[in-house]
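Chain A is the first sequence line, chain B the second, and so forth, proteins listed ahead of strands; every chain is numbered from 1. Since the model is a prediction, treat every value here as computed from it, not as a measurement.
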Number of protein chains: 2
Amino acid sequence: MARKTAQISIRDVAEAAQVSVATVSNVVRSRKNVSDAVRARVNDAIRTLNYLPDRAAMQLREGRNRIIGVLVPSLDNPFFTAIIACLEECARKDGYDIIVGSAGEEPAYGSSRLKALLSWRPAGMIILPNDDYFADASILDATSIPYVVLDRLPHSCMADTVAVENEQSAAEAAAYLASLGHRRILVVATTLSLANIRERCAGIIAFCAQAGLPVPQVLEVGHHAEEGPAALTEMLTGRNIPTAIIALTNSITLGALRCLYQSGCNVPDDVSLVGYDDYAWMRATQPPITAIRQPVEEMGVQSWSRLMHRIAGESTAPMQVRLPCTLAVRGSTAPPKTGKMS
Amino acid sequence: MARKTAQISIRDVAEAAQVSVATVSNVVRSRKNVSDAVRARVNDAIRTLNYLPDRAAMQLREGRNRIIGVLVPSLDNPFFTAIIACLEECARKDGYDIIVGSAGEEPAYGSSRLKALLSWRPAGMIILPNDDYFADASILDATSIPYVVLDRLPHSCMADTVAVENEQSAAEAAAYLASLGHRRILVVATTLSLANIRERCAGIIAFCAQAGLPVPQVLEVGHHAEEGPAALTEMLTGRNIPTAIIALTNSITLGALRCLYQSGCNVPDDVSLVGYDDYAWMRATQPPITAIRQPVEEMGVQSWSRLMHRIAGESTAPMQVRLPCTLAVRGSTAPPKTGKMS
DNA sequence: TTTCCCACGTTAAACGTTTAACGCGGGAGA
DNA sequence: TCTCCCGCGTTAAACGTTTAACGTGGGAAA
């Protein structure tokens with residue numbers, strides 16, 4: 001009978017099957033030849049005792065285990081959870097487990113979450129930094145653990161990185177709006193202290209400059225913008241409102257939509273809206289939202305693949321992967337009503 | 001200098017600080033009095049070597065560690081990720097780490113994910129089952145690990161459970177629709193093989209019976225309904241369409257909205273819509289969606305608290321916690337246009 | 001019959017911690 | 001001066017695995 005109090009260990013199984021612990025291990029890991037009779041006895045014992053190997057012990061013995069640490073800024077953002085879901089799928093396929101930590105959007109906790117993750121002695125890490133100074137890099141570089149930086153790129157980094165083509169995708173959205181006849185574009189951002197956001201801004205500004213459009217206005221509204229930031233509502237109820245808005249993240253897209261709704265602006269008749277990320281709800285609004293679709297799945301797969309290569313010992317120079325976004329044109333964008341210009 | 005190849009251990013620190021490993025441990029865990037001079041030496045060594053204790057070894061030594069396993073059906077559903085975010089917050093406060101596994105909405109993998117989680121020897125588990133037979137219960141009961149079942153309740157269960165008042169909340173939504181004058185209500189569900197969904201249906205049906213309304217129609221559309229299930233579109237383009245829809249999950253709410261949009265039904269003029277769960281996007285649609293708000297945060301907190309009590313040794317009979325939902329009335333519900341009845 | 005080898009099992013060490021038990025030196029009380 | 005105790009550190013065992021090294025018994029080749 002299994003003891004209820006303590007976990008049953010390989011020793012209990014060995015005892016029950018009348019063999020040594022080494023033999024049990026050999027059966028479980030199928031490492032050495034074990035006679036059929038003994039194997040059967042061991043398997044029986046495992047089943048009746050409900051034996052499960054202890055990962056901590058395995059890991060301790062083997063030095064490094066099949067664990068990947070994933071550090072994200074937040075678990076409340078569908079963009080991050082989608083990536084996690086994708087990484088989890090990759091991990092399952094390759095026989096890894098992932099451990100997820102959330103560091104918070106503001107770099108407040110400092111590196112405590114990273115350290116917690118590292119204390120698992122993971123075989124590798126995938127990091128989505130919450131700022132682009134990425135002080136954590138020094139901690140990671142002090143270990144020999146390979147890691148991949150995803151989505152938000154730090155200023156400088158000795159590791160593989162995977163990100164989307166922020167400038168190009170944002171410029172493409174601006175170009176599309178320009179082709180519809182828009183000239184006054186408002187860019188709504190979380191914060192310009194994030195490199196990917198800055199790149200998106202830069203893409204739009206560069207396009208406008210090149211196309212002879214006025215310099216677009218940029219509004220920073222912070223990370224918690226789902227409920228519709230007051231600053232934007234104010235701007236939309238004022239005079240000389242923009243004819244098009246580009247929202248640089250999914251939460252901003254949502255917030256912008258609420259502001260437009262609150263301030264009585266009609267989409268797309270009064271103001272056109274283009275949002276980053278593409279979620280199901282954007283296709284269920286009326287009108288559906290024109291979206292810059294980030295290749296979330298591809299980001300997960302690529303970063304996983306990079307990490308696996310590094311774990312396998314690849315020692316080439318760090319690679320910088322950039323993935324293209326696609327613009328999904330829907331009903332929230334239309335030519336501006338010329339009447340409202342003057 | 002730290003060896004680059006292997007992780008630095010407590011022994012390296014001891015060597016660098018010229019003390020025994022026990023002393024290092026005592027400094028790190030501040031267990032016994034250590035003189036200031038020695039403490040300083042040790043802390044210096046820790047800092048220069050970038051020492052991080054190895055969780056696997058700690059856990060092995062201590063038998064059971066501050067880990068909670070969380071098993072959810074899917075990481076693609078914001079309801080589950082919101083709960084995870086909340087549990088993570090609780091865990092951080094109490095000095096625990098959580099390890100998340102996703103089992104898939106269909107009970108296909110069987111119990112392999114659960115076993116993977118259990119092999120971490122967690123101090124406790126929080127489970128959101130993916131079916132209500134909950135075969136995993138036997139595996140869990142075979143261990144001495146306390147666990148809490150959340151959201152979807154199995155047929156019978158010897159553990160603490162936390163769920164919402166499904167019947168009452170659904171009945172309340174039906175009652176509200178009835179008070180507006182609706183008589184033909186369509187219930188759209190993922191699958192009736194889930195207890196919480198069945199309870200919601202039952203609540204609506206019971207109310208209709210009691211209020212003398214016709215028996216509401218129930219449509220099962222499966223788990224991946226965000227894109228708008230064809231069966232629903234078909235029903236909405238037919239004759240004798242319902243005047244109100246109650247969508248029993250967030251994905252169904254989204255899917256229903258798309259179907260309504262596709263089939264040219266106006267919300268709320270042609271059809272009223274009430275949806276389960278309340279996310280930011282539901283307030284950004286036009287009209288905003290009337291929602292049955294599940295107390296996600298409270299579910300997380302309550303289940304965490306139950307688990308902590310059990311871990312602390314509480315051995316009373318299993319408790320069944322039920323939390324109330326609130327109906328947030330918004331623009332997607334209105335009295336039916338009587339003209340369309342005939 | 002002797003020798004060798006092979007197939008199958010076992011022994012024991014090691015992984016990095018924690019902690020009970022022990023040692024030791026010096027100050028205080030007798 | 002002798003004893004005792006207390007504060008500070010160390011030693012060593014233990015946690016559950018894996019695996020290299022080591023029996024051991026029997027069959028085949030000589």
> On DNA chain D, nearest-nucleotide positions of R29(A) versus G63(B): which is more 5'?
Replying inline: G63(B)

>> Of the options dT19(D), dC15(C), dT17(D), whose atoms approach the side-chain atoms of R31(A) most closely?
In response: dT19(D)

> Between V28(B) and P53(B), which heavy-atom pair has the shortest distance, and what is it?
Replying inline: CG1-CG, 4.4 Å

>> Can you measure R121(B) atom CZ to dG16(D) atom C1' for me and round it to whole angstrom units?
In response: 8 Å

> By side chain to side chain contact (heavy atoms under 4.5 Å, CB included), which residues pair with L307(B), not counting sequence neighbours?
Replying inline: I68(B), I126(B), P146(B), V148(B), I311(B)

> With a cut-off of 6.0 Å (strictly less than), are more than 12 heavy atoms of other residues, nucleotides or ligands near CD of E297(B)?
Replying inline: no

> Around E15(A), counting heavy atoms of other residues, nucleotides and ligands shown, do more than 12 lie under 6.0 Å from its CD?
Replying inline: no

> Tell me, which pairs form a salt bridge (charged side-chain N to carboxylate O under 4.0 Å, His left out) where one or both residues lie in residues 79-88 of chain A, sequence neighbours left out?
Replying inline: E88(A)-R113(B)

Can you give me the N/O atom pairs linking the protein to nucleotides 21-27 of chain D at distances under 3.5 Å, or say none if there are none?
from    : atom 1 : to     : atom 2 : distance (Å)
dA21(D) : N6     : K32(A) : NZ     : 3.2

>> For R66(B), give me all partners under salt bridge (charged side-chain N to carboxylate O under 4.0 Å, His left out), at least two apart in sequence or on another chain.
In response: none

> Touch check for R11(B), heavy atoms < 4.0 angstrom, all strands: base, sugar-phosphate only, or nothing?
Replying inline: base

>> From CG of N26(A) over to P of dA7(C), roughly how many Å is that when rounded to an integer?
In response: 15 Å

> Distance from Y147(A) atom OH to L117(A) atom CG, nearest 0.5 Å?
Replying inline: 14.5 Å

> Would you say a side-chain N or O of S35(B) is under 4.0 Å from OP1 or OP2 of dG9(D)?
Replying inline: yes

>> Minimum heavy-atom separation for H223(A) and L194(A), please, with both atom names.
In response: CE1-CD2, 4.0 Å

> Tell me, which of residues 51-60 of chain A have any heavy atom that sits under 4.0 Å from an atom in DNA chain D?
Replying inline: Y51(A), L52(A), P53(A), D54(A), A57(A), M58(A)

> Under the salt bridge (charged side-chain N to carboxylate O under 4.0 Å, His left out) test, which residues partner D44(A), sequence neighbours left out?
Replying inline: R47(A)

> Which residues satisfy the ring pair (Phe, Tyr, Trp, His ring centres under 6.0 Å) test with Y51(B), sequence neighbours excluded?
Replying inline: none

At a cut-off of 3.5 Å, list every protein nitrogen or oxygen paired with a nitrogen or oxygen from nucleotides 5-7 of chain D, distance to 0.1 Å.
none

>> Nearest whole Å is fine: how far is dG16(D) P from E62(A) CD?
In response: 17 Å

> Which residues pass the salt bridge (charged side-chain N to carboxylate O under 4.0 Å, His left out) test with R152(B), sequence neighbours left out?
Replying inline: E105(B)

>> I'd like to check the ring pair (Phe, Tyr, Trp, His ring centres under 6.0 Å) partners of F80(A); sequence neighbours left out, ordered by chain and number.
In response: none

> D151(A): what forms a salt bridge (charged side-chain N to carboxylate O under 4.0 Å, His left out) with it, not counting sequence neighbours?
Replying inline: none

> Where along residues 14-23 of chain A does a heavy atom come under 4.0 Å from DNA chain C, residue by residue in number order?
Replying inline: V19(A), S20(A), A22(A), T23(A)

